[in-house]
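Below, read A as the first sequence line, B as the second, and so on, with proteins coming before strands; counting in each chain starts at 1. In this text the structure is predicted, and so the values were computed from the model without any measurement.
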There are 2 protein chains.
Amino acid sequence: MTKKRLTILGSTGSIGTSTLDIVRQFPNHFDVCALSCHSRVQQLAEQIREFHPDIVCVGSEEQADWLQKQFAAKDLTIVYGDEGLIQLTAETKVDLVVAGIVGSAGLRSTYAAIERGYDIALANKETMVLSGELMVTKAQETGSTIFPVDSEHNAIFQSLVGHQQSDIEKIILTASGGPFRDTPLSQFHQITLQDALNHPNWNMGNKITIDSATMMNKGLEVIEARWLFDIPVSQIEVVIHRESIVHSLVEYTDGSFIAQLGLPDMRIPIAFCLAYPARLPLRSEKMKMAELGKLHFEPVVWEKFPCLEMAISAANLGGAAPAVLNGANEAVVAAYLEERIHFLEIAGILKKVLEQLCLSQKSQENHYPFLHHIQTIDDALKADNWGRLEAQSLIN
Amino acid sequence: MTKKRLTILGSTGSIGTSTLDIVRQFPNHFDVCALSCHSRVQQLAEQIREFHPDIVCVGSEEQADWLQKQFAAKDLTIVYGDEGLIQLTAETKVDLVVAGIVGSAGLRSTYAAIERGYDIALANKETMVLSGELMVTKAQETGSTIFPVDSEHNAIFQSLVGHQQSDIEKIILTASGGPFRDTPLSQFHQITLQDALNHPNWNMGNKITIDSATMMNKGLEVIEARWLFDIPVSQIEVVIHRESIVHSLVEYTDGSFIAQLGLPDMRIPIAFCLAYPARLPLRSEKMKMAELGKLHFEPVVWEKFPCLEMAISAANLGGAAPAVLNGANEAVVAAYLEERIHFLEIAGILKKVLEQLCLSQKSQENHYPFLHHIQTIDDALKADNWGRLEAQSLIN
């Protein structure tokens with residue numbers, strides 16, 4: 001069996017370590033060629049000893065120097081910084097790049113991999129939100145396949161395998177609904193930061209936990225789905241499913257629904273991306289259908305989650321709007337986490353930022369061409385930053 | 001677009017009329033070449049006027065004569081009886097044969113179609129229960145694809161599309177659980193015929209309603225699945241799912257489950273078989289995920305459903321056992337419907353018949369070679385009949 005050659009970007013993060021856990025279970029299937037991390041170099045050093053990559057990238061020159069001393073005698077190339085990351089991604093010939101870097105820092109390296117025609121296991125959410133059209137157009141050009149790692153989009157990918165795009169009626173993203181799915185709107189004014197940070201299903205970082213409470217996370221997933229599956233926003237639906245067992249579904253034109261289900265173990269979607277079109281007999285806890293009990297499916301109460309509606313508006317506006325919304329949302333959530341604004345103010349600020357975007361687009365002066373057309377990754381990052389600054393000035 | 005040429009066996013039955021309803025919706029997709037019915041010739045005459053087949057088959061010479069008078073001037077071949085049915089099936093060159101004849105009467109025509117290498121939309125349950133190995137072996141030889149129409153097996157087929165057989169961990173058949181899913185075993189002695197005929201989800205024929213109450217129907221489906229999907233019985237699981245929305249699932253080795261869901265509308269699986277690999281935009285009521293509310297999944301309480309266990313034993317025994325069980329079950333259910341035996345006696349009689357089969361197989365004398373090896377459709381029918389007679393003599 002030929003081993004699949006892998007680059008893992010963000011190898012010390014959650015997606016990176018899960019990926020390496022799978023490689024550890026199936027050493028005959030994969031060859032780890034390149035690893036990158038931002039700051040956890042000691043952990044990276046351990047990974048180098050275990051997986052023997054040819055090249056690694058770290059955040060800074062100092063970290064590279066430190067690492068160089070540890071592996072002086074080894075045949076290991078060490079690069080650093082943004083340039084190093086692009087070099088590592090573009091120049092390491094692999095079968096699959098696992099894009100596990102968090103945040104907008106992941107955009108350039110993902111794009112570099114797509115430009116080279118490498119297949120991508122995409123865990124970076126910002127890639128599709130900020131620059132979905134760019135990425136997808138480039139991937140079509142180079143023949144790169146983008147496998148989504150995120151459990152919802154991975155479920156849709158799995159539910160589409162072997163089926164025809166033209167037969168899709170709808171894509172249905174399931175959402176846990178976050179901590180306020182059962183809170184009546186009339187009590188939303190009493191929501192405290194502590195309430196919002198108390199997610200019923202997951203223990204995640206603060207930013208994503210707040211995005212889950214506002215359902216902005218699901219809104220961003222709608223934007224991602226729009227590009228990943230080349231489908232109009234009007235054909236994407238969100239359904240509340242509190243158990244997070246049905247990871248998402250595809251409805252076909254004949255009335256059939258295909259769904260992917262499973263335990264919330266990120267190794268399952270990662271393994272799917274790594275092994276496609278085969279599957280790996282993962283050693284992990286197996287779900288037992290007969291022990292599931294009840295699964296609930298309910299409509300979204302839209303009045304409670306204006307952020308979700310906002311994201312869908314941004315997806316419909318297209319162009320720079322999703323990137324602007326993403327930057328603005330980061331600023332607003334940061335302010336909320338610092339208790340500078342109330343939960344109920346989040347959506348209002350985002351709405352104003354989107355209104356200002358529309359105004360700027362309509363004004364005769366064209367100070368910010370990136371607000372009109374996103375033609376480069378740089379444009380996408382600028383639009384994201386514009387949204388952040390607009391939101392910050394509104395907060396202040 | 002080239003029209004798909006169809007033969008519809010049992011065209012006046014439930015599967016046949018649903019198939020024609022789909023053809024009516026998509027006249028540019030299909031060409032009805034051959035129709036058969038057993039006794040409803042007036043309905044067949046209407047179908048002939050609407051769909052203009054080249055050949056039809058009816059049950060008797062008298063019916064054929066009557067029909068000949070109605071269509072004297074038309075270019076229509078009319079045949080009758082078992083021989084006519086085989087002739088119609090084998091000699092009409094089509095892309096797909098819809099096998100919608102109910103009961104063991106459907107075996108020979110299905111086999112004739114498979115022998116000719118035609119693809120089959122298989123709605124006849126007895127085909128796989130009585131002669132699964134024969135059918136599947138012949139289909140492999142001739143290149144005939146067997147598409148299951150039954151909603152559970154169709155769901156599994158849909159959940160396998162684009163995936164690899166070797167990656168299957170388990171096939172999970174969902175079962176409504178019938179009228180006694182919530183009845184404690186301690187009350188089973190009080191079950192009346194009326195209770196058993198009162199199915200919570202469906203309004204079906206009496207025989208199948210009783211099979212649903214004993215869960216024998218699910219046992220027979222396990223046998224069918226074993227052959228349809230070429231999978232050991234040990235990898236087939238039954239789960240109680242009272243809503244009958246998730247029609248069945250496939251568990252893969254990586255911990256992913258793929259499921260097919262939908263409203264209980266037989267046109268959905270039939271349309272899938274007709275249009276595969278495409279799908280048809282069926283005009284029918286669409287399921288709304290957000291309005292589903294709760295879906296339940298529970299284990300089977302095996303003590304309550306010994307018939308299910310019996311069918312799994314028969315599947316494991318292989319050879320003639322499933323056919324014998326099927327024949328015996330028909331006799332026992334008939335006796336139960338005549339109130340000659342109690343609900344609790346059904347499984348006991350079936351168990352005795354299976355024990356007698358094992359005894360017969362072990363005896364030195366070989367009066368019934370078909371109990372040892374099923375080599376022909378005739379053997380399968382003989383085994384089925386042997387089971388029926390054994391059960392009848394036990395009942396008497």
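- Across A/Phe188 and A/Thr183, no two heavy atoms sit closer than the pair CE1-O, 3.4 Å.
- Here the side chains of A/His241 and A/Leu295 are in contact, with some heavy-atom distance below 4.5 Å.
- Closest of all the heavy-atom pairs between A/Phe305 and A/Gly177 is CZ-O, 3.9 Å.
- A donor-acceptor pair shorter than 3.5 Å cannot be found between the side chains of B/Arg226 and B/Gln235.
- When each of A/Pro281, A/Pro277, A/Ser256, A/Ala278 is scored by its heavy-atom pairs under 4.5 Å with chain B, the top score falls to A/Ser256.
- Pairs passing the side-chain hydrogen bond (donor to acceptor under 3.5 Å, both in side chains) check and including a residue from residues 280-294 of chain A, sequence neighbours excluded, do not occur.
- Looking at B/Leu280, the atoms closer than 4.5 Å to chain A (heavy atoms on both sides) all sit in the backbone: N, CA, C or O.
- Contact annotation for A/Val161: both backbone and side-chain heavy atoms come within less than 4.5 Å of a heavy atom of chain B.
- Residue contact with chain A, scored on non-hydrogen atoms closer than 4.5 Å, involves the side chain of B/Leu249 exclusively.
- Your options are B/Ala259, B/Pro269, B/Gly262, B/Pro299, and the one with the most heavy-atom pairs under 4.5 Å with chain A is B/Ala259.
- At a 4.5 Å heavy-atom cutoff, the contact between B/Gln164 and chain A is made by side-chain atoms alone.
- With chain A as partner, the option from B/Ala155, B/Ala290, B/Gly162 having the largest number of non-hydrogen pairs under 4.5 angstrom is B/Ala290.
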Where do A/Glu221 and A/His153 land on the side-chain hydrogen bond (donor to acceptor under 3.5 Å, both in side chains) test, with the steps shown first? CA-CA 8 Å; A/Glu221 285 175 15; A/His153 300 101; 5.1 Å; no
